[in-house]
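The next block holds one structure in the form of structure tokens; read it before the comments.
Computed from heavy atoms alone, side chains included, the values below leave out hydrogens, waters and symmetry copies. Here is how names work: the chains are called A, B, and so on, in the same order as the sequence lines, proteins then strands, and each is numbered from 1.
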Number of protein chains: 2
Amino acid sequence: MERLILSVAKDLFLEKGFSGVSTTDIAAKAGCNQALVHYYFRTKSNLFKIVFKDVLSQLKEKIFTSYNSKASFEEKITEIIDVHFSMLQENPYLPMFLMNEISNNKDISLIIQEVFLSSIYPVMDSLQKDLQTEIAEGRVREISVFNLLLDIVSLNLFIFIAEPVMKNILGYNEKERQEVIEERKNEAKKVILLRLKAN
Amino acid sequence: MERLILSVAKDLFLEKGFSGVSTTDIAAKAGCNQALVHYYFRTKSNLFKIVFKDVLSQLKEKIFTSYNSKASFEEKITEIIDVHFSMLQENPYLPMFLMNEISNNKDISLIIQEVFLSSIYPVMDSLQKDLQTEIAEGRVREISVFNLLLDIVSLNLFIFIAEPVMKNILGYNEKERQEVIEERKNEAKKVILLRLKAN
DNA sequence: ATTATCTATAGATCTATAGATAATGC
DNA sequence: ATTATCTATAGATCTATAGATAATGC
């Protein structure tokens, strides 16, 4: 039951955020009474922190396995976009959830620093080196790692953030949704490669 | 006082969203008591709808004046990005606010349809025509209006959505923030033009 | 005995309204 | 008279805890 509560809490928090979910909601969905949530996790904040940490370290693992050093630079970039996209397809609520909680919940930055920052630097270093080589040898246009990563993340994430808006405005069904996402993935790859490729 | 309440409500809702603000908060910041908020606007939902409609039509005006038909295609695209960026710099909370409320508040889609949809089609048509001419004459690579607009909006909006995250992780000050935003604006222009320009 | 689960409830909000009082417009 | 503002309060949550009861492990 403890694990069930945690799992239910994770689903609900991801979908509706910290303030959108009450411990009563969690208990109802887990099929126990509300006091039990507090028995296992003391406070709602505490439960949320555990969930958040969990979500973040899962995310970390998925992201940082994508950059394997076998392939060509172009293939690596394409691979990053592919992995990033499929991760987002599996967790469509994740971007909104993270953005929201980070801007609302001030003391969450500690968790982010703890779980995330240590892992991001090696990957950036590796990407940095590859990028410098490519630029030096004239295959890639001048660009900073910072801008390259933000370009990629912007183009990948945004469709998932905008998805509820588009659903409302355009009113498409699930099949069309998948097509739109697939189309955006290919467009993202095209845009990034055209930005990079020196001709 | 009625206008003051409305203005305070707008600021607070934009910053913290519908559920993050109580009528007590609004009254406190407006310097009156909480009953007065209900006297003028009956319910919190009603007040919110008025604010939302207001925000949306202001946004609409700002967005749809950007596409004037004088300049060259390349200049028009650059102009769109410039106007979009400066609008966002003036209203940094806007993207998050819109995304959030649209996904939380189901009956808000009506307001969006009412205020927004009617205005977007003429602009898209105009852009569509220009784009087709450019493509037909071999100056621009094949791309749909849908993808072009999403590319632009992704690259422009994302930095503002990610801003709280970055502030937390990178911990920069206001001056550095402005520099980052300026850098991203130039990068966005570069990316879009490289995507479009047939060589 | 200890751990898991429940019932009941205190105390904090928060929205919305009723009814009193003050301010304003004719 | 009408409109603007206030005080007070009902009724709905929601979090957290105390204390009772059921289930489990030795």
Figure out the [atom1]/[atom2] separation between [X] and [N], and round it to whole Å.
| X | N | atom1 | atom2 | value |
| --- | --- | --- | --- | --- |
| B/L4 | D/dT5 | CG | P | 10 Å |
| A/N33 | C/dC6 | CG | P | 4 Å |
| A/E2 | D/dT24 | CD | C1' | 16 Å |
| A/L36 | C/dA4 | CG | P | 9 Å |

Practice problem: If a pair satisfies side chain to side chain donor-acceptor pair (under 3.5 Å) and one of its residues is in residues 148-159 of chain B, list it, with sequence neighbours excluded. | Solution: A/R184-B/D151, B/H84-B/N156
Practice problem: Kindly state each residue pair satisfying side chain to side chain donor-acceptor pair (under 3.5 Å) with at least one member in residues 16-35 of chain B, sequence neighbours excluded. | Solution: B/S22-B/D25, B/T23-B/Q34, B/T23-B/H38, B/Q34-B/H38
Quiz item: Among all residues two or more places apart in sequence or in another chain, which pass the ring-ring contact (aromatic ring centres under 6.0 Å, His included) test with B/Y93?
Solution: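 B/Y93 satisfies ring-ring contact (aromatic ring centres under 6.0 Å, His included) with no other residue.
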Quiz prompt | SB check A/E174 A/R177 (cutoff 4.0 Å) | solution = yes
Self-check item: NZ/NE/NH1/NH2 to OD/OE distance under 4.0 Å, B/E187 and A/R195
Solution: yes
Shorter than 3.5 Å, N or O on both sides, protein versus nucleotides 12-18 of chain D: list them out with atom names.
unit_1 : atom_1 : unit_2 : atom_2 : d
D/dT15 : OP1    : A/K44  : NZ     : 3.1
D/dT15 : OP2    : A/T23  : N      : 2.8
D/dT15 : OP2    : A/T23  : OG1    : 2.8
D/dA16 : OP2    : A/K44  : N      : 2.8
D/dA16 : N7     : A/Q34  : NE2    : 3.1
D/dA16 : N6     : A/Q34  : OE1    : 3.1

Quiz item: Reading DNA chain C 5' to 3', what string of ( ), [ ], | and . shows its pairs, if Watson-Crick and G-U wobble pairs count only when both distances fall under 3.5 Å?
Solution: ||||||||||||||||||||||||..
Quiz item: Going through the checks in order, is the side chain to side chain contact (heavy atoms under 4.5 Å, CB included) test met by B/E74 and B/R139?
Solution: CA-CA 10 Å; B/E74 183 170 332; B/R139 286 191 296 274; over 6 Å; no
Kindly list each side-chain donor-acceptor pair under 3.5 angstrom involving residues 4-15 of chain A, sequence neighbours excluded, with atom names and distances?
unit_1 : atom_1 : unit_2 : atom_2 : d
A/K10  : NZ     : A/D54  : OD2    : 3.4
A/K10  : NZ     : A/Q58  : OE1    : 2.5

Quiz item: Just by modelled atom types, is the B/V21 backbone N or O under 3.5 Å from a matching donor or acceptor in the B/K44 side chain?
Solution: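 Yes: the side chain of B/K44 pairs with the backbone of B/V21.
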